[in-house]
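As the structure lists them, so they are numbered: ligands from 1, and atoms in each ligand from 1. Counting begins at 1 with the first residue of the sequence.
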Amino acid sequence: MVAKERVCYYYDEEVGRNYYGPNHPMKPHRLCMTHNLILAYDLHKHLQVFRPRACTNTEFTQFHSEDYVDFLSKITPDKQQQYVLEMQRFNLGEDCPIFDHMLDFCRRYTGGSIDGVRRLNQGVSDIAINWSGGLHHAKKAEASGFCYINDLVLAILELLKQHARVVYIDIDIHHGDGVEEAFYMTDRVMTVSFHKYGDMFFPGTGGLRDIGINSGKYYSVNVPLNDGIDDKSFVDLFKFVMQDVMDSFQPGAIVLQCGADSLAGDRIGCFNLSLKGHAECVSFMKSFAKPILVTGGGGYTKSNVARCWANETATLLGKQLVEHIPPHENYYEYYADAGYKLKAHAPVWIENLNTPSYLNQVKEKVRQNLKSLTF
Ligand code: TV1
Ligand code: CA
Ligand code: ZN
C-alpha cells in the first residue's frame with residue numbers, strides 16, 4: 001500500500017479571464033476550461049486546492065532586473081504610446097502585448113509556482129500543480145514569446161534553498177530558453193528541453209551542441225526534433241534521456257513544464273503526440289518519487305489543452321479518467337470537436353520527419369555528454 005499522494009493545485013478564475021488580444025494564440029481561457037474539466041471529473045476532491053497569492057516585485061527581482069520589473073509595474077494599455085523606446089527595449093508588443101491586468105496576471109501565475117514550491121519545501125505536499133505557470137521564455141530584463149515573468153526560474157531558485165540539485169524538464173514544443181539561460185553557468189540546475197528545432201521555429205535556440213558553459217558545462221541538455229514526432233519515438237527518447245539524467249545527476253527535486261503545444265492538432269505546434277504519450281512523460285517523472293512542481297506552458301488548441309492538463313492532473317493523482325467526457329455546465333460543447341472524447345482533436349496529419357537514425361544520433365550524443373558529468 002503506497003501512501004496517498006498529497007497534491008496541491010493552484011487556480012484563480014481571474015487568471016483565466018485575461019485576454020492577450022484579438023487573434024493572439026495565447027488564450028488564458030484554456031485555464032478555466034481545464035479547471036472545469038477537472039471539476040467535471042471530480043478530481044478536485046483529491047486535490048489540495050489553493051488560490052495563488054499575488055507575488056511581489058521583490059520576489060520578481062530575485063531573477064528579473066529592477067528596471068524591467070519597474071516598467072511592468074507602471075505600463076498600462078493606454079500609456080504604451082508614451083513609452084515606445086522602453087516597449088522595444090523590453091521586447092513588449094506583438095508577441096507580448098500589454099493588456100488590462102497584465103501585472104496581476106504575472107503576479108498570480110508566478111505566485112502559484114512559488115507557493116507550490118514552498119509547500120514542497122515545507123514537506124506538506126509531494127506534488128504541486130500550476131497549469132497557469134510554465135512561462136519559460138521570459139528573460140532577466142526582457143519579455144519573450146508570450147512570457148513576461150519567468151515563474152519557472154523563480155520556482156527553481158526557491159527549490160535551491162532546500163535542494164543541492166534541481167532538474168528542469170520541458171516538453172513544450174518550444175525550446176525552454178529562458179530557464180536554460182538563467183542556469184547556463186551552474187551545475188546545481190540541469191535543464192532538459194525537448195523541442196522542435198530548425199526552419200526558424202521560435203526561438204531558434206537549443207541545438208544539440210548547446211550544453212552549458214563554465215561550471216554549467218554538460219548541465220544543459222537539448223533534444224532538438226523535427227516535425228511530426230509521434231508517441232512511440234518521443235516517449236522512448238524521453239525515457240531514455242530522463243533515466244540517464246536522473247541516474248547521473250541525482251536531483252533532489254523536479255520541475256516539469258508540460259506545454260501542451262507538443263500535442264497533435266496544435267494551432268502553432270507541429271508534433272504528433274497523443275494525450276497518452278504526453279501523459280506518459282508526466283507519469284515517468286512522477287515515478288522517481290521526488291518533490292515535483294508541474295506547470296503548464298504553451299498549448300493553442302484550447303479543447304486539447306484542457307483535456308491534456310485535466311488528464312495529467314489525474315495521472316499525478318494516480319487515477320485513470322473515463323474516455324467519454326462527463327457532461328458539465330461550462331464549456332462542454334468545446335469537446336464536440338473530438339466527439340466528446342478524451343483524445344486530441346487533430347484534423348491534419350503531420351508526417352514524422354524524425355528518422356530512427358536521427359533519433360539514435362541524438363540519444364548517443366546526449367549519452368556521451370552525460371558521461372562527462374563530474375561531481
Ligand atoms: C498577435 C496576433 C501575436 C497573432 C503571435 C506564433 C501573434 C503569433 C499572432 C506567434 C501568432 C510566435 C515568433 C517572430 C518572434 C516571433 C508559453 C520575430 C499565429 C510558452 C511563443 C511563440 C511560444 C512565439 C510560447 C512566436 C510557449 N509563434 N499569431 N508568435 N518574431 N514568435 O515567431 O513556448 O508556448 O501565430
Ligand atoms: Ca521544450
Ligand atoms: Zn510552446
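- At a cut-off of 3.0 Å, Gln257 does not coordinate the Ca ion (ligand 2) through any N, O or S atom.
- Nearest to atom 27 (C) of ligand 1 among the protein's heavy atoms is Tyr300 OH, 3.3 Å.
- Counting protein heavy atoms only, atom 6 (C) of ligand 1 is closest to Ile268 CD1, 3.5 Å.
- When only non-hydrogen protein atoms are considered, atom 36 (O) of ligand 1 lies nearest to Pro25 CG, 4.0 Å.
- With 3.5 Å as the limit, one finds no donor-acceptor pair spanning the side chains of Asn304 and His345.
- Between Phe201 and ligand 1 there is no heavy-atom distance shorter than 4.0 Å.
- In this structure, Leu135 has no heavy atom closer than 4.0 Å to ligand 1.
- Within 6.0 Å of the NE2 atom in His29, the count of heavy atoms belonging to other residues, nucleotides or ligands exceeds 12.
- Note on His174: counted as a metal contact of the Zn ion (ligand 3), an N/O/S atom lying under 2.8 Å.
- For the Ca ion (ligand 2), the nearest N, O or S atom contributed by Asp170 is named OD1.
- Restricting His174 to its N/O/S atoms, the shortest distance to the Ca ion (ligand 2) is reached by O.
- The one candidate from Glu180, His136, His137, His195 that meets the side chain to side chain donor-acceptor pair (under 3.5 Å) condition with His175 is Glu180.
- Minimum-distance N/O/S atom of Asp172 relative to the Ca ion (ligand 2): O.
- Within the structure, ligand 1 has Met26 among the residues with a heavy atom less than 4.0 angstrom away.
- Side-chain contact annotation: Asn330 with Asn36, donor-acceptor N/O pair under 3.5 Å present.
- In this structure, atom 26 (C) of ligand 1 lies nearest to the protein heavy atom Asp95 OD2, 3.5 Å.
- For atom 22 (C) of ligand 1, the closest non-hydrogen atom on the protein side is Phe202 CD2, 3.5 Å.
- If you look at Tyr340 and Tyr332, their ring centroids are closer than 6.0 Å.
- Residue Phe194: an N/O/S atom is found under 3.0 Å from the Ca ion (ligand 2).
- The nearest non-hydrogen atom to atom 20 (C) of ligand 1, considering only His136, Glu94, His174, comes from His136.
- Aromatic pair Tyr9/His35: centroids less than 6.0 angstrom apart.
- When ring centroids are compared, Tyr19 and Phe99 stay outside the 6.0 Å threshold.
- With respect to the Zn ion (ligand 3), Asp261 has OD2 as its nearest N, O or S atom.
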Item to complete: Kindly indicate, with the supporting measurements, whether the criterion salt bridge (Lys or Arg N to Asp or Glu O under 4.0 Å) is fulfilled by Lys239 and Asp244.
Response: CA-CA 8 Å; Lys239 289 184 175 173; Asp244 203 352; over 6 Å; no
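- Checked against the 6.0 Å centroid criterion, the rings of Phe238 and Phe194 qualify as a close aromatic pair.
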